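Below is one structure, written out as C-alpha cells; comments come after it.
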Amino acid sequence: MTIAYPSNQSLQTPLTVSPPSGAPRPRLTFLGTGYLGATYAICFAEMGYDVLGFDIDEAKIAKLAAGEVPFHEPGLDELLRKNLGTGRLRFTTSYDEVADFGDVHFICVGTPQRADGLAADLSYVESAVTGLAQRLHRKALIVGKSTVPVGTAEWVEDMVRRLSPPEATVEVAWSPEFLQEGFAVEDVLRPNRVIFGVKSEWAQAMLYAAHKGVFDLAQTEDREVPIVVTDFATAELVKVAANAFLATKISFINAMAEVCEASGADVTQLARAIGYDPRIGNKFLRAGLGFGGACLPKDIRAFQARAQELGVGEALRFLHEVDLINIRRRQRVVQLAAELLERPNGPAGPDLSGLRIAVLGATFKPNSDDVRDSPALSVAGKLGRTGATVVVYDPEGLANAERELPDVHYAKTLSDAVSRADLVCVLTEWEEFRNADPVALAELAAGRRVIDARNCLDQAVWVRAGWVYRGMGRPALT
Ligand code: UDX
C-alpha cells in the first residue's frame, strides 16, 4: 500500500512512499523504553502500527512484555495489555531484531545531565545509534526524539554514514516530543503539533507515513494537527526553546511570589489577573515550589552549556537566573517552617530537632511516580537536615522516594503521616491532599500548622478548621 498526503497539506514532497520492508504501513521501532519510548511504542501500536520496543535493560523489557508498565502513567497499563494482545506490539533486547523489523527507528533514550557539568550526556544516544546502524541492511529512517543539544542530529547522521552499509542509504531525521507526565497518553495520541526535522523528501514522506495514525485520529475528531517541516537545527531547538520558555514562565511567577511576600500582595490573584490577558495566558503561572522532573531543570542547564559552546552564552544567561529563582523556592519552605514553628532561622538553617513534620508529596508533580529532581523530595531532605523527624507520604511515589531519600520516614497513608505532626507541608498537589478534610486532620495533628507549598488548598476552609495556614507568595489569613 502507498500512503497519500491529505489534499490540505502543502508539503513539497512526492505524494506517496512505500515502506522499505514491503509492509503496508511503516513498521516502527522505539529504542529506549523509559518514559518516552514506552509511551510512544504503546500509543503507536494503539494507532494500528506494528511496533517493536527495544531496551538494553532486560528486566524492563520482561516487565513490558508481561503487560506491566514500569512506571505510573494513567491509562497506559490498559493500552499496553490491549496491544500486546493484538500482536501489534512486541518488545526485545536484540538490536538485530530491531534492524530486521523496522522501517522507521525512533531514538528515545535518556540524555541526563552530565556528572561533570551542565551539559547533556549523549552516551546513550551514541550507543543506541551505534548498536542499530551497523546492523541495518536495507533502507531505513532513524529519527531522534530524545532532547539533545543543537547539532546532535548532524553528529548522528555522520555516525550513521560511517557505520551503516552504504547500499542501505540509511537516513536521519529529528522529531522532538512534548509529552507531559500524567497526560502522556493524550499528548502522544493527540499532540498539539508535530515537528519534522528532515533533509530529504523521502525522510519527510516516511515521517508523515509514520504519523499518519495521528493525523487520521485527528481527522475523525475534526481536529487539525499542525506539522512544522524544518531543518535539523531548528527541530532540535524547538524542544529546548519550548522547555526554556515554560521554565521561565514558572520562574517569572515565582519571582513575583517573592515580591508578593515582601509587599503583602497575593500571587495567586496576581497570576489570575495577568493571565486574563491572552498575550500572557493563565497556563504555567502557578506559583509555588517551582519546577522539577526529568526535563525542565536539566534541559535549561544543557541549553546554557550548548549556547556557551556556540559562543552565545550571554543570550541564555537569564536561564541561570530562572534556575536560581526555582531553587530558592525550596529554601523558602524551610524558612516558613522555622517561622511557623517559632524556631530561629540561623545562617546554618533552623534547628527543628524534637519536632515532627508531615510531608505530603514526594513526586515532582501529581499523577506520576517520578521523583527525579523533585522539589518535594528536595524539601523533605532539607527539613530532615534541620533535625526534625520527617514523615513523607505520597500516593504513588513512595517506592521511588524511599530509594532516592532513605534517611527520612515514610508513611503508608495520609493519616499516618499527619498523626502527631507539629507541622504539615503539602509539597505536591495530589487530588488526595486537595480534597483532604482539614477538620479530620486537625484531630490527628499535634499542631495545626500547614504550609501549602503548591497553593492548592482552600485557605479559608483550612483556617476555619483551626489551622495556621501559609501559602507561597500569599499573605497570612487569620
Ligand atoms: C515538561 C514539558 O511540559 C513537556 O512538554 C516536555 O516534553 C517535558 O517536560 P513534565 O516534566 O512532564 O513536562 O512536567 P510539567 O507538567 O511541564 O511540569 C514541570 C514542573 O513544573 C513540575 O514540577 C510542576 O509542578 C511545575 N509547574 C508547572 C509549576 O510549578 N507551575 C506551573 O504553573 C506549572
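As the structure is a computational prediction, the values presented were derived from the model and not from experiment. Order of appearance sets the numbers: ligands from 1, and atoms from 1 within every ligand.
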Around [atom], find the nearest protein heavy atom and jot down its residue, atom name and distance.
| atom | result |
| --- | --- |
| atom 17 (O) of ligand 1 | F284 CZ, 3.2 Å |
| atom 19 (C) of ligand 1 | L296 CD1, 3.8 Å |
| atom 9 (O) of ligand 1 | C295 CB, 3.1 Å |
| atom 12 (O) of ligand 1 | E181 N, 2.7 Å |
| atom 6 (C) of ligand 1 | L179 O, 3.6 Å |
| atom 16 (O) of ligand 1 | K365 NZ, 2.8 Å |

| Contacting atoms of ligand 1, where contact means under 4.0 angstrom from a heavy atom of L285 | 33 (O)
| Against heavy atoms of E177, which atoms of ligand 1 measure under 4.0 Å? | 7 (O)
| message | As a check for students: among F291, F364, F178, identify the option with a heavy atom nearest to atom 21 (O) of ligand 1. | response | F291
| query | Which is closest to atom 31 (N) of ligand 1 by heavy-atom distance: R286, Q180, R329? | reply | R286
| field | Output field: ring centroids F364/F291 closer than 6.0 Å | value | no
| F196 ring center near H211 ring center (under 6.0 Å) | yes
Please work out whether any backbone atom (N, CA, C, O) or any side-chain heavy atom from C-beta onward of [X] is under 4.0 Å from ligand 1, and answer side chain, backbone, both or neither.
| X | value |
| --- | --- |
| N243 | side chain |
| R454 | side chain |
| K239 | side chain |
| L246 | side chain |

When you check the gap from the basic side-chain N to the acidic O, do [X] and [Y] get nearer than 4.0 Å?
| X | Y | value |
| --- | --- | --- |
| D323 | R301 | yes |
| E261 | R332 | yes |
| E429 | R286 | yes |
| K239 | E177 | yes |
| R27 | D103 | no |
| E339 | R449 | no |
| D216 | K212 | yes |

| Counting both backbone and side chain atoms, is some N or O of I250 under 3.5 Å from an N or O of ligand 1? | no
| request: Starting from the C-alpha separation in whole Å, work towards a yes-or-no answer on side chain to side chain contact (heavy atoms under 4.5 Å, CB included) for I451 and V424. | output: CA-CA 6 Å; I451 296 176; V424 175; over 6 Å; no
| Is the closest heavy-atom distance from G288 to ligand 1 below 4.0 Å? | no
